[in-house]
Peer 1: 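Once you've had a glance at the structure underneath, I'll fire off some questions.
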Number of protein chains: 2
Amino acid sequence: MNLKELSKRLGLSQTTVSRALNGFPEVSEATRTKVQAAARRYNYRPNNRARGLATGRTMAIGHVIPVSSKHEIVNPVFADFIAGAGETYSGADYDMVLTVVSDADEADAYRKLRAKGTVDGIIVHGPKVDDARIALLHEIGLPFVVHGRSSEATLPYSWLDVNNRRAFERATSFLLDLGHRQIALVNGLETMDFAFRRRKGYEAALAARGLAPDPQLMVSDEMTEANGYQATRRLLDLAAPPTALLTSSYISAIGARRAVEERGLKLGRDISIVTHDDELSYFRNGEDVPIFTATRSSVREAGRQAAAMLLELIADPDLTPQTRPLEAALIVGASTGPAPR
Amino acid sequence: MNLKELSKRLGLSQTTVSRALNGFPEVSEATRTKVQAAARRYNYRPNNRARGLATGRTMAIGHVIPVSSKHEIVNPVFADFIAGAGETYSGADYDMVLTVVSDADEADAYRKLRAKGTVDGIIVHGPKVDDARIALLHEIGLPFVVHGRSSEATLPYSWLDVNNRRAFERATSFLLDLGHRQIALVNGLETMDFAFRRRKGYEAALAARGLAPDPQLMVSDEMTEANGYQATRRLLDLAAPPTALLTSSYISAIGARRAVEERGLKLGRDISIVTHDDELSYFRNGEDVPIFTATRSSVREAGRQAAAMLLELIADPDLTPQTRPLEAALIVGASTGPAPR
DNA sequence: TGAATAAGTCAAAGCGCTTTGGAAATCTGA
DNA sequence: TCAGATTTCCAAAGCGCTTTGACTTATTCA
């Protein structure tokens, strides 16, 4: 069923039917309800492409998901972020188009999205400390919102980000207050902006107590379970092993826990762990008492909000770049306790 | 840059330029190379929507991701499946459009995708034992491939699925061979087809040894870490606790492990766990020796193949439904051992 | 009552592409 | 050399929608 048929059936022109359906005022209420009823009956929906051609808008948002070309790793937080963004889109009748691309081809993927006119805007995932995509997207002129930030970017851009620096500063202080002095940081790759900022926060908290960061206690790698495990093992093997660990993801924390258990140590007594908790839907951090003490910020909610920001940006192109910092809550769970002595 | 401009610049008609770019034979090689060079120089790419309008094809595939309306859970295997499918699409120049929808609105989502002409085909995720979507998609006439199967479906359809029955039958037999007699099944929701089949396999293996399944030892729920943990705790509290556990997902297995460790039991000695391992990129099941004994089948590879099947189906619409069963490997890791006595 | 205004509707153009049905130019063979 | 075949190119239609500008018909006011 298309517009032509529908309007023929109704004995009206395409113009009138189109206007009736799109809520234009120059259509009488009588015809409007008649048209709407018919549209519903025949399950008529304007063809996406045709409408796009006519309006110049695609009603679609692009998400470019980078996969580490080396390890082929799909960041697990995407699933929840996208679920959140999807909620916003479906409410606004937008589609979401996903491009999975190894980071080497990323620039090309954005160019292509633009040239083919596939989307009206883009959400940028996983920004690096110095991310070339921000300049690129400015150049190609497509509205975008960054999930995260890029510390060394010079151009203005819209972003939504957890205050990672503050979160890890607070987490570190929390451990210091408990008497820990040997605190390890099991971070994500520090080319990633979020990891970079978390480290800054960690270092700031140490500095505030006059402590110097110990390079031996700082590791940085892809945040898989396996890496969390390996890193923790190595840390526990040090001559002066840490009494507390800060991990950058719930998943590394699980790996860390495995290493801790393996040594027969008790979490929260022999060693403390604080992690970042994205509130992944399949990894709820406990019910009543959180399993891990954590800096908590829902990535799903971030998805919802980032999508909404982008839609606003698209609706009003001469809006100045919007920024939305989110604070992570520091929640206390069973994985931390006073430093053993 | 669009076709009109490009052809004007080249002093050729739109027809010729279009044909040159699309590899039609009625264009001389000389003009073709000239046109291609110009296209590259101006980064010309045919507008998606316009091309779609003209050809009737969208060059896009729809993935409808159901989220459990009750718990808002996004199945974690989607991320890897989609990464795999994405590889296939980018090779074939297809886009992927994602719709995240609570299962109540699912039927409507498919109808909408069809009526708006957003996609050329659909991948169906998470089929139920009796899944209404198969009939629905037949009705609306959109090519589709199901990731998984629907045991009670009557209409023919294309699918790609792990042989879940066999996998869990083998896993159960493996545990029986080790002397285990109290074997628990921590399954996914058994309205889901994969979980239903795994249970059948589990029961078949027991029956083959003349054992009756014990309802107390069979639990079925969303496969989160928390549920794996809770289920295992309850199982360990039984008067006659199981000596072995079969879990349906790596993530439940992690929950199970937490419960086991908490009791001070040693995995592979005091209690054995076999899990299903989708080879999630962020949860590699160990490096040299697998952490968990597992039935293993890469969900990412499944994504690649399912996408390829769908593209074939789209290319040749009168192909009969294709089916692709995959065998899971049974890999032995550190989480299993002989039954304690 | 008639002119001015408002309300309701429509025909047609245009979005950027593919493709049909020629036409012009070039090549072939006797 | 010239009809016929072949190669190379093109104008125009059409995909399904929105939107401009104009045209009817109904309503209002002096």
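Lettering follows sequence order; numbering is per chain, from 1.
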Peer 1: Which part of the nucleic acid does B:Arg19 contact within heavy-atom distance under 4.0 Å: base, sugar-phosphate only, or nothing?
Peer 2: base
Peer 1: By the definition side-chain contact (heavy atoms from CB on, under 4.5 Å), identify the one residue from A:Val162, A:Asp161, A:Leu160 that meets it with A:His147.
Peer 2: A:Leu160
Peer 1: Which nucleotide wins on minimum distance to the side chain of A:Ser18, given the candidates D:dC9, D:dC17, D:dT18?
Peer 2: D:dT18
Peer 1: Output the rounded distance in Å from CD (A:Gln14) to P (C:dA12).
Peer 2: 12 Å
Peer 1: Does the side chain to side chain contact (heavy atoms under 4.5 Å, CB included) test come out yes or no for B:Met1 and B:Arg9, once each step is laid out?
Peer 2: CA-CA 10 Å; B:Met1 174 62 61; B:Arg9 267 215 186 25; 4.1 Å; yes
Peer 1: Can you tell me the distance, in whole Å, between the NZ atom of A:Lys8 and the P atom of D:dG16?
Peer 2: 12 Å
Peer 1: Any side-chain donor paired with an acceptor under 3.5 Å for B:Asp193 and B:Ser150?
Peer 2: no
Peer 1: In terms of the nearest nucleotide of DNA chain D, which residue is placed more toward the 5' end: B:Val27 or A:Phe24?
Peer 2: B:Val27
Peer 1: Within this structure, what is the CZ-to-P distance between A:Arg51 and C:dC17, rounded to whole angstrom?
Peer 2: 21 Å
Peer 1: Angle class for the A:Phe81/A:His125 ring planes (parallel below 30°, perpendicular above 60°, tilted otherwise)?
Peer 2: perpendicular
Peer 1: D:dT19 base to A:Thr15 side chain: any donor-acceptor pair below 3.5 Å?
Peer 2: yes
Peer 1: Whole-Å distance between C:dA11 P and A:Lys4 NZ?
Peer 2: 13 Å
Peer 1: The side chain of B:Ser28 lies closest to which of these nucleotides: D:dC9, C:dC10, C:dC17?
Peer 2: D:dC9
Peer 1: Side chain of B:Leu53: nearest nucleotide among D:dT18, C:dT18, C:dG16?
Peer 2: C:dG16
Peer 1: Using only side-chain N and O atoms of B:Ser13, determine if any of them is under 4.0 Å from OP1 or OP2 of D:dA11.
Peer 2: no
Peer 1: Mind calculating the distance between CG (A:Asn22) and C1' (D:dT19) to the nearest angstrom?
Peer 2: 11 Å
Peer 1: Between atom CD in B:Glu26 and atom P in D:dT7, what is the gap in whole Å?
Peer 2: 11 Å
Peer 1: For B:Leu6 and C:dT18, what is the distance between atoms CG and P respectively, to the nearest whole Å?
Peer 2: 12 Å
Peer 1: If the plane angle is over 60° it's perpendicular, under 30° parallel, otherwise tilted; pick one for B:Tyr94 and B:Tyr89.
Peer 2: tilted
Peer 1: Nearest of C:dC17, D:dC17, D:dT8 to any side-chain atom of B:Asn47?
Peer 2: C:dC17
Peer 1: Of all the choices, D:dC17, C:dT18, C:dT9, which nucleotide is nearest to the side chain of B:Leu3 once you look at every atom?
Peer 2: C:dT18
Peer 1: Whole Å only: how far is the CE atom of A:Met59 from the P atom of D:dC17?
Peer 2: 15 Å
